[in-house]
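This is the structure I want to talk about, given as structure tokens.
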Amino acid sequence: MRELSYAQAIHEGLAQAMEADPRVFIMGEDIGVYGGAFGVTGDLVERFGADRVIDTPISELGGAGVAVGAALAGSRPILEFQFSDFMTLAMEQIVNQAAKIRFMFGGKTSVPVVFRAPTGSGTGAAGQHSQSLEAWFAHVPGLKVVQPSTPADAKGLLLSAIDDPDPVIIFEHKLLYKMKGDVPEAPERTPIGKAVVRRTGKDVTVVATAIMVHRSLEAAELLAAEGIDCEVIDLRTLRPLDTATIIESVKKTTRLACVYEGVKTLGIGTEISAMIAESEAFDYLDAPIMRLGGMETPIPYNPQLEKSAVPQADTIAEGLRKLVRGSF
Amino acid sequence: MRELSYAQAIHEGLAQAMEADPRVFIMGEDIGVYGGAFGVTGDLVERFGADRVIDTPISELGGAGVAVGAALAGSRPILEFQFSDFMTLAMEQIVNQAAKIRFMFGGKTSVPVVFRAPTGSGTGAAGQHSQSLEAWFAHVPGLKVVQPSTPADAKGLLLSAIDDPDPVIIFEHKLLYKMKGDVPEAPERTPIGKAVVRRTGKDVTVVATAIMVHRSLEAAELLAAEGIDCEVIDLRTLRPLDTATIIESVKKTTRLACVYEGVKTLGIGTEISAMIAESEAFDYLDAPIMRLGGMETPIPYNPQLEKSAVPQADTIAEGLRKLVRGSF
Amino acid sequence: MVKTDARAGKNVRPFYVKYSKDELREALRRMQIIRKFEEGAEDLYVRGLSYGTMHLSVGQEASAVGATMMLKNSDYITSTHRGHGHCIGKGAEAKYMFAEFLGKEEGYCRGRGGSMHIADMATGNLGANGIVGGGLPIATGAAMAIKQQKRDDVAVCFFGDGANNEGAFHESLNMAAVWKLPVIFVCENNQYGMSVSAERSTAVKDIATRAAAYNMPGVVVDGNSIADVAEAMDEAIARAKRGEGPSLVECKTYRTKGHSRSDRNRYRSKDEIEEWKLRDPIPAFAAELVAHGILSEAEVADVDAATTQEIAAAIEFAQNGTDPTHIDIASEVHTPILGAMA
Amino acid sequence: MVKTDARAGKNVRPFYVKYSKDELREALRRMQIIRKFEEGAEDLYVRGLSYGTMHLSVGQEASAVGATMMLKNSDYITSTHRGHGHCIGKGAEAKYMFAEFLGKEEGYCRGRGGSMHIADMATGNLGANGIVGGGLPIATGAAMAIKQQKRDDVAVCFFGDGANNEGAFHESLNMAAVWKLPVIFVCENNQYGMSVSAERSTAVKDIATRAAAYNMPGVVVDGNSIADVAEAMDEAIARAKRGEGPSLVECKTYRTKGHSRSDRNRYRSKDEIEEWKLRDPIPAFAAELVAHGILSEAEVADVDAATTQEIAAAIEFAQNGTDPTHIDIASEVHTPILGAMA
Ligand SMILES: Cc1ncc(C[n+]2csc(CCOP(=O)(O)OP(=O)(O)O)c2C)c(N)n1
Ligand SMILES: Cc1ncc(C[n+]2csc(CCOP(=O)(O)OP(=O)(O)O)c2C)c(N)n1
Ligand SMILES: [Mg+2]
Ligand SMILES: [Mg+2]
């Protein structure tokens with residue numbers, strides 16, 4: 001299979017969806033001739049024209065509402081937020097309108113909109129450009145929330161999101177855009193709502209998201225040398241959760257660590273922890289449930305501070321070691 | 001001690017703070033001559049004038065930003081959102097500015113702003129006027145988040161919030177505004193960051209917020225008759241959490257249920273659950289950790305549906321019964 | 001506007017020429033239905049038979065119908081918290097609205113939405129909205145879809161004077177103008193956003209002035225004259241369909257009832273309310289229809305009687321409606337996906 | 001504007017009369033510092049010595065200094081992501097800014113904020129902002145506090161052409177106008193919001209037109225002429241201090257560098273950039289100072305030399321700065337409360 005970068009995989013998914021369905025269009029800030037702040041849309045404006053690849057004014061709330069309205073009126077909009085931080089301006093339309101319209105209207109319509117949002121820290125852009133706010137959206141009934149960690153899933157989840165009759169939010173990790181990986185040329189879908197085991201192991205279940213999947217796998221390699229065998233699950237979908245895959249794994253390994261970049265308190269791993277603590281897997285637990293999340297601070301600018309504010313492979317390894325060795 | 005309603009207690013706290021400190025002012029929609037959508041500000045505009053009790057245009061984002069700016073420039077603003085749902089329009093200023101300015105500016109200034117927000121369901125106002133979004137804010141470093149359940153705490157936490165040099169968000173429950181209770185006349189502070197045990201018991205710890213405190217106490221009465229002895233903790237502050245009080249209680253009772261009105265997934269009880277699951281109390285647990293939260297839907301309009309969407313005394317009792325009897 | 005003198009047969013304003021007798025009678029009927037719907041809703045509330053909140057549009061019937069009577073089902077509207085009138089104007093039936101108001105399965109939203117969320121996709125009503133200003137970008141987006149799909153339709157966006165100070169107003173009007181979208185922004189300036197007068201909330205006297213900030217036409221009309229409203233709409237719609245973009249139509253009007261169920265009206269005077277009651281748009285319209293010889297007094301009376309009857313029947317229908325069975329409403333949040341597992 | 005003819009001693013424009021020689025020299029100095037700060041920052045980036053993003057304001061020095069040179073420390077500004085110039089204009093020192101840029105403890109924000117968040121409370125700079133439009137309501141609120149505290153100060157709010165389409169613009173200008181707050185909204189229209197031209201993003205040609213939507217004065221000035229900018233500011237500030245409320249000053253200008261470090265300039269032509277480079281505000285100002293006999297060529301050269309030296313020293317200072325020790329940054333999030341437990 002060919003290799004594509006995560007950004008190229010999304011680009012290919014967008015192009016295939018637009019080719020397959022004339023209702024699909026994309027909008028966002030600087031996605032036209034600029035090609036997107038992270039280069040994702042690239043040449044799409046040349047291929048599909050400015051009517052389907054629409055540069056918006058800097059109007060996040062309005063942009064989100066326009067997408068909702070277009071979706072209600074039979075189009076299939078994909079809105080790119082330039083940074084997920086700017087979704088703070090659009091919460092009203094995402095949460096009060098897109099998420100609730102179907103239910104509030106008695107199930108008589110749907111809002112097939114896709115929101116894409118580059119997310120996460122590690123780019124030296126400081127507090128207002130580095131947040132990981134995905135847990136907010138995972139708290140909102142009516143939304144589906146996905147977070148791909150590989151190029152193939154970046155494409156596959158995008159295509160599923162575009163197919164989906166309801167609003168789907170895709171959090172793309174900025175540090176993964178350049179990551180390469182096998183991507184099927186065909187428009188293969190990654191199902192929404194399905195986690196995947198990226199590494200099997202017997203000592204501890206690590207449930208991770210986005211870039212933390214890779215850091216957890218790295219940590220697992222480090223620990224393998226020490227005789228600790230980690231199972232690493234890539235959550236992929238944050239809402240709805242694939243509880244079955246996680247419960248099954250925890251029952252096997254008897255230990256759970258949740259690794260995520262969002263602020264630890266109420267970050268997505270918090271839900272995984274609580275879900276397990278109330279599940280049938282609870283009785284299998286041989287150790288407390290560990291959460292390794294972002295520090296309780298805004299993301300700092302200084303690169304050393306920035307790194308220290310979110311889990312890294314070594315701090316993950318350290319945490320897992322403690323968890324498995326019982327010195328937790 | 002005199003009895004005041006929860007709304008009257010807030011009103012008294014506002015008046016006392018404005019009397020004590022000329023920097024304090026309040027702003028919001030219809031808080032002047034109308035007296036506030038829930039009657040909280042009442043006659044304050046007559047007592048303190050339209051310069052300190054300011055009716056804003058319907059501009060939530062701008063209003064929040066004005067409060068942030070005024071706080072930076074030496075005033076002590078209190079902003080009333082008419083419904084907490086409308087904070088969705090102001091997340092940018094609350095989360096990117098108010099919460100982060102101190103940290104991002106290297107600790108060289110503070111943003112002493114108070115946001116008040118009527119919250120919760122039960123008023124027949126449907127999906128866009130009934131949300132309980134407090135967990136979002138508890139996920140944000142830089143914010144303090146409180147949720148009083150009694151008139152005395154409504155006043156006491158307000159006064160602490162106004163004293164506080166950093167942004168504090170107060171979620172007031174709409175159904176509690178008319179609730180009466182003893183309120184000290186003096187401006188007594190309820191400390192931020194301290195939970196309180198409302199009922200001691202030995203069989204199960206119930207951590208609840210806002211109106212769920214009362215429903216949990218009601219459930220506890222029902223269960224007392226069946227020989228189940230509940231300890232009910234009123235969380236009061238959602239960020240920062242009073243972990244000590246909860247851990248201590250769970251170690252004693254060996255069982256934990258979290259009762260809250262927000263959507264179950266990633267609602268505030270999710271944090272309580274995960275906090276306990278990673279704490280020293282984990283080893284004391286004799287049962288899975290139960291969460292009784294809001295249903296995974298928007299709040300419906302129909303009164304029966306609305307009731308069924310969030311925990312009620314009987315459903316809480318039912319849950320606790322299962323938890324204690326082990327048929328969970 | 002052109003002075004009317006029907007008896008002399010000359011200078012009849014375009015509205016009375018353009019629309020047929022049936023269309024004009026239907027407009028009057030809808031205004032009556034709106035008025036009686038609101039009165040019926042209030043009555044249900046006063047008698048303790050309804051639940052939840054409601055925002056009545058008594059006094060604003062001319063803008064609701066004047067801005068919708070020329071629309072087809074394939075045209076869209078977005079409405080507001082004060083949306084009963086828009087909904088009826090666009091063709092909804094009172095009985096399903098009452099059913100919604102009473103939280104019944106027969107309601108437009110199966111009792112899930114209530115008064116503030118009535119929507120009716122069949123008549124192109126994209127919904128009332130509980131969020132002030134929430135419909136502004138939605139209408140803009142619907143207009144974008146119309147344009148993309150090369151349809152000969154328009155989107156009409158209702159909003160209030162209070163909503164005009166929301167950021168969503170600015171962002172929406174700007175985008176609509178930049179992209180020349182077929183959307184008409186209809187501001188129902190009833191002079192108060194809840195308790196705050198437009199004078200205290202809004203830096204300009206006429207909200208239509210703000211159209212210039214988006215390089216679009218802005219007109220002020222007498223919102224209590226259906227003819228004024230409809231003529232301005234016809235012009236704006238024609239412009240939109242010519243591909244020239246959006247317009248802003250400001251209807252000066254007044255709500256004679258309180259803001260919502262709990263309003264003590266402390267922010268305005270009794271005199272002001274009484275004065276506006278004298279400018280009731282419904283008798284004014286009926287009188288013009290009679291004066292122009294379009295309807296007879298008897299025909300007007302027929303409309304009156306028929307609408308009273310329709311509303312009574314609608315209330316009865318709603319009261320006999322089905323209470324939702326609350327099994328598993330969580331399954332209603334998402335659209336079923338064919339072939340997917342539950 | 002009044003034509004200048006210094007040699008003839010008549011018709012000198014107010015700017016050159018009102019401000020003293022020292023003030024004008026200081027203005028030139030600050031413009032030079034800005035330019036050289038930006039060039040220094042770019043150089044650090046190119047040499048791989050800096051981290052993170054940056055937005056350079058080369059070409060926009062006249063608006064940055066023209067809008068701040070008359071302000072006192074007790075006046076406020078809010079700035080933008082492209083904020084280095086505003087910061088220097090308001091009196092910040094380059095060395096602490098470079099230290100911030102390099103993430104050092106000596107930086108204005110102790111390395112926590114970086115280029116996009118430089119703030120300096122001592123000089124009344126309420127901060128750059130990573131959120132486009134984020135400063136608009138903050139400046140409005142600062143002006144509200146000024147008014148409440150009956151101070152003789154103003155708040156100056158910088159924002160870009162791109163920001164003018166944010167809802168925050170609308171809400172802020174409306175509130176400022178309704179409450180007659182002492183705030184001056186300074187739009188630096190450099191004609192692009194990142195890659196999107198104002199023409200493609202904004203429904204009106206001149207953003208100043210939008211002032212009418214808030215019943216406030218709006219003027220367009222040559223943003224590359226410090227005299228033009230400062231004169232408009234002086235008028236707006238006088239108005240604000242008379243209690244008459246806000247103004248909007250639109251400075252037409254241009255950024256000759258890319259939007260941020262990764263810009264390929266595909267949305268504009270080389271010719272356009274070159275053309276604007278010819279309208280460089282710094283030599284233009286220097287030439288006027290000389291033409292008016294205010295500074296000699298030698299004095300201008302002195303400013304040039306001194307600023308080059310200051311920047312070199314500032315960079316050295318920053319490079320020798322202290323890397324933050326990352327023990328417990330979580331404790332920095334909240335303000336310590338006296339008497340409270342840790
Ligand atoms: C975003 C938001 N802010 C505030 C409210 C509360 N609210 C409901 S209606 C209303 C007044 C709206 O005024 P206007 O737009 O003039 O409409 P009118 O009620 O006069 O029809 C307010 C403040 C709301 N529903 N949504
Ligand atoms: C709310 C928000 N949206 C988008 C961005 C990304 N962004 C940063 S600067 C910029 C362009 C801003 O244009 P303008 O206001 O004209 O300022 P300029 O860069 O030209 O100085 C954009 C889109 C942002 N930082 N914040
Ligand atoms: Mg109104
Ligand atoms: Mg610009």
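Lettering of chains follows the sequences in order, A, B, ..., and the numbering in each one begins at 1. What you are looking at is a predicted structure, and each value in this text was computed from that prediction instead of being measured.
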Side chain, backbone, both or neither: which part of Glu332(C) has a non-hydrogen atom closer than 4.5 Å to chain A? both
Minimum heavy-atom separation for Gln149(C) to Gly74(A), with atom names? NE2-C, 3.3 Å
Nearest-0.5 Å distance, CG of residue Asn129(C) to CE of residue Met104(A): 6.5 Å
Trace of the side chain to side chain contact (heavy atoms under 4.5 Å, CB included) decision for Gln93(A) with Ile138(C): CA-CA 9 Å; Gln93(A) 285 291 330; Ile138(C) 296 178; 3.6 Å; yes
Which heavy atom in Phe103(A) sits nearest to a heavy atom in Ile329(C), and how many Å separate them? CE1-O, 3.7 Å
Counting a contact as any heavy-atom pair under 4.5 Å apart, which residues of residues 106-114 of chain A contact chain C? Gly106(A), Lys108(A), Thr109(A), Ser110(A)
On a heavy-atom basis, the closest approach of Arg102(A) and Val333(C) is CD-O, 3.5 Å
Contacts of residues 42-59 of chain A with chain C (heavy atom under 4.5 Å): Asp51(A), Ile54(A), Asp55(A), Thr56(A), Pro57(A), Ser59(A)
How about residues 154-170 of chain A versus chain C: which residues have heavy atoms under 4.5 Å apart? Asp164(A), Pro165(A), Asp166(A)
When only pairs under 4.5 Å are counted, which of Gly63(A), Ala67(A), Ser75(A) shares the most heavy-atom pairs with chain C? Ser75(A)
Whatever's closer than 4.5 Å to a heavy atom in chain A on Asn174(C) counts as side chain
Close approach to chain A in residues 99-119 of chain C, criterion heavy atom under 4.5 Å: Gly107(C), Tyr108(C), Cys109(C), Arg110(C), Arg112(C), Gly113(C), His117(C), Ala119(C)
Looking only at heavy atoms, which two atoms of Val66(A) and Met144(C) are closest? And how far apart? CG1-SD, 3.7 Å
Closest approach of Ile131(C) to Glu92(A) (non-hydrogen atoms, all atoms of both residues): CG1-OE2, 3.3 Å
So how far is it from Leu89(A) CG to Glu171(C) CD, rounded to the nearest 0.5 Å? 7.5 Å
Heavy-atom proximity to chain A below 4.5 Å, by part of Ala168(C): both
Check Ala73(A) against Ala142(C) and note the closest heavy-atom contact, atom names and distance. CB-CA, 3.9 Å
Value for CG (Leu126(C)) from CG (Leu72(A)), rounded to nearest 0.5 Å, stands at 5.5 Å
